[in-house]
Amino acid sequence: MKKHNFSAGPSVLPEFTIKNTAEAILNFVGSGLSIMEVSHRGKDFEAVMEQTRNLFKEILDIPQGYEVIFLGGGASLQFCMVPFNLFNKKAAYLNTGTWASKALKEAKLFGETIEVASSKDENFCYIPKNYTVPADADYFHITTNNTIFGTEIHTDMEVGIPLVADASSDIFSRPMDVSKYVLIYGGAQKNLAPAGVTFVIVKTDILGKVERTIPTMLDYRTHIKDGSMFNTPPVVPVYAALQTLIWLKEQGGVVEMQKRNIRKADILYSEIDRNRLFKGTVKNIEDRSLMNICFVMNDEYKELEDEFSKFVSSLGMVGLKGHRSVGGFRASTYNALPEASVVALADAMKEFEKKH
Ligand SMILES: *Cc1c(COP(=O)(O)O)cnc(C)c1O
């Protein structure tokens with residue numbers, strides 16, 4: 001039985017991506033060699049890198065003046081790479097969860113870092129609003145989707161200073177107005193590819209303005225100049241990302257993904273709200289993530305948590321355990337998760353309610 005994979009990351013990928021990547025691992029473009037054993041400087045892999053970059057730009061409708069690079073180190077390396085390249089005197093951060101807190105911690109190593117608002121007081125169950133971003137900060141950093149707490153910023157905000165986003169877990173889930181940002185980054189392993197490759201979309205005219213010397217590998221300009229080939233790129237994850245991008249385009253791109261994601265999230269949130277056994281963990285409806293749907297058992301049914309876990313795993317559902325800092329359950333509903341999986345989960349919740 002094919003599993004319903006609700007894992008938060010690494011997470012479900014299109015079958016198209018997995019099959020084509022498996023094929024390239026066995027026999028890359030009919031060369032008789034594995035993609036893992038050929039030179040990344042050969043014309044075949046150069047073409048993969050080029051196509052990945054171009055399709056990435058096309059699908060997200062990235063305007064002129066931006067570059068897309070693929071790096072190692074995960075989204076976590078970007079927590080320091082961003083300040084290395086953009087932090088002069090002062091930076092501002094919105095603290096909406098574990099990843100945002102980690103980004104903030106690294107920025108503090110570089111100078112005056114302002115936490116403009118935080119939802120830590122309520123275990124990050126909402127997105128702070130009505131804060132002021134200091135006009136003299138070099139940039140404002142946000143996390144568009146908080147993978148652990150299930151909150152999401154659904155719009156591309158205008159803050160008057162350069163905007164930087166960690167979009168690890170909602171990239172390609174909706175159309176994004178990239179022009180509102182100077183830099184968007186993310187690890188691939190939530191909605192794009194296996195772990196090992198990190199994407200960075202950067203407005204090139206924001207670079208070269210800091211006074212410090214930047215180590216070569218941590219300077220975005222190095223990787224822009226060398227087309228993400230300054231050193232050996234993670235070839236298999238890049239190839240897989242290309243397959244996901246091809247799949248995305250065939251499915252109708254980010255406009256279609258957004259429609260599907262809204263539909264999937266509606267099915268699940270409606271059931272969470274209706275079902276007397278469960279409740280959502282996010283305080284405001286408008287902050288609910290379309291990618292990571294967090295819920296717990298209602299207080300009077302807390303003791304049923306284990307039984308529900310066992311019930312859903314008996315139905316072939318995996319990855320539903322909530323992060324330890326939230327507890328309960330988390331259904332990650334990334335692009336590649338079929339609506340049928342969400343329907344199966346909602347049905348299981350209904351059935352479980354009837355039994356109790
Ligand atoms: C998973 C995740 C990260 C960490 O990504 P790594 O690639 O493991 O470093 C950072 N930010 C967000 C929003 C994430 O979901």
Side-chain angles (χ1 to χ4, degrees), residues 5-13 56 68-84 93-107 118-120 123-128 139-154 156-157 163-174 176 181 183-201 217-218 223 228 233-234 236-238 240-241 244 261 281-282 287-294 319 321-326 330-337:
N5 185 1
F6 292 98
S7 302
S11 35
V12 62
L13 287 170
F56 197 108
V68 176
I69 51 181
F70 301 102
L71 308 172
S76 300
L77 182 61
Q78 296 310 308
F79 298 162
C80 77
M81 203 160 158
V82 165
F84 253 120
Y93 279 68
L94 183 64
N95 192 357
T96 52
T98 309
W99 300 116
S101 302
K102 289 186 175 181
L104 181 66
K105 175 170 177 268
E106 296 306 304
S118 167
S119 46
K120 193 168 182 203
N123 200 30
F124 299 115
C125 74
Y126 66 98
I127 302 280
Y139 63 88
F140 179 48
H141 180 283
I142 60 171
T143 310
T144 49
N145 183 65
N146 298 282
T147 323
I148 293 176
F149 298 95
T151 60
E152 187 173 7
I153 298 170
H154 297 283
D156 304 303
M157 56 173 85
L163 182 62
V164 174
D166 173 356
S168 291
S169 52
D170 63 349
I171 192 76
F172 294 114
S173 68
R174 63 169 177 93
M176 227 177 161
Y181 304 81
L183 194 146
I184 303 169
Y185 67 86
Q189 69 275 20
K190 310 287 164 50
N191 214 7
L192 186 63
V197 64
T198 308
F199 65 84
V200 179
I201 306 163
M217 266 299 279
L218 298 182
H223 303 283
S228 305
V236 175
V238 169
T244 302
N261 292 329
T281 61
V282 174
D287 297 339
R288 284 174 159 182
S289 169
L290 296 185
M291 297 279 95
N292 310 98
I293 299 178
C294 295
K321 195 174 163 44
H323 190 273
R324 62 187 180 281
S325 49
V326 183
R330 169 175 51 174
S332 297
T333 53
Y334 297 119
N335 286 346
L337 186 83

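Counting starts at 1 for both ligands and their atoms, in listed order.
With sequence neighbours left out, Ser325 forms a side-chain hydrogen bond (donor to acceptor under 3.5 Å, both in side chains) with His323. With sequence neighbours excluded, the residues that form a side-chain hydrogen bond (donor to acceptor under 3.5 Å, both in side chains) with Ser101 are Asn95. Partners of Val282 under the side chain to side chain contact (heavy atoms under 4.5 Å, CB included) rule, at least two apart in sequence or in another chain, are Thr151, Asp287, Arg288.
Listed for the Ser332 side chain is no donor-acceptor partner under 3.5 Å among the backbone atoms of Tyr334.
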If you look at each N/O of ligand 1, which protein N/O atoms lie under 3.5 Å away, and at what distance?
| unit_1 | atom_1 | unit_2 | atom_2 | d |
| --- | --- | --- | --- | --- |
| ligand 1 | 7 (O) | Ala75 | N | 3.0 |
| ligand 1 | 7 (O) | Gln189 | NE2 | 2.9 |
| ligand 1 | 8 (O) | Gln189 | NE2 | 3.2 |
| ligand 1 | 9 (O) | Ala75 | N | 3.2 |
| ligand 1 | 9 (O) | Ser76 | N | 2.8 |
| ligand 1 | 9 (O) | Ser76 | OG | 2.6 |
| ligand 1 | 11 (N) | Asp166 | OD2 | 2.6 |
| ligand 1 | 15 (O) | Thr147 | OG1 | 2.4 |
| ligand 1 | 15 (O) | Lys190 | NZ | 2.6 |

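Just one residue in the list Ser168, Ser169, Ser11 forms a side chain to side chain contact (heavy atoms under 4.5 Å, CB included) with Thr147, and that residue is Ser169.
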**Request:** Applying side chain to side chain contact (heavy atoms under 4.5 Å, CB included), run through Val200 and Leu71 and close with a yes or a no.
**Result:** CA-CA 8 Å; Val200 179; Leu71 308 172; 3.8 Å; yes

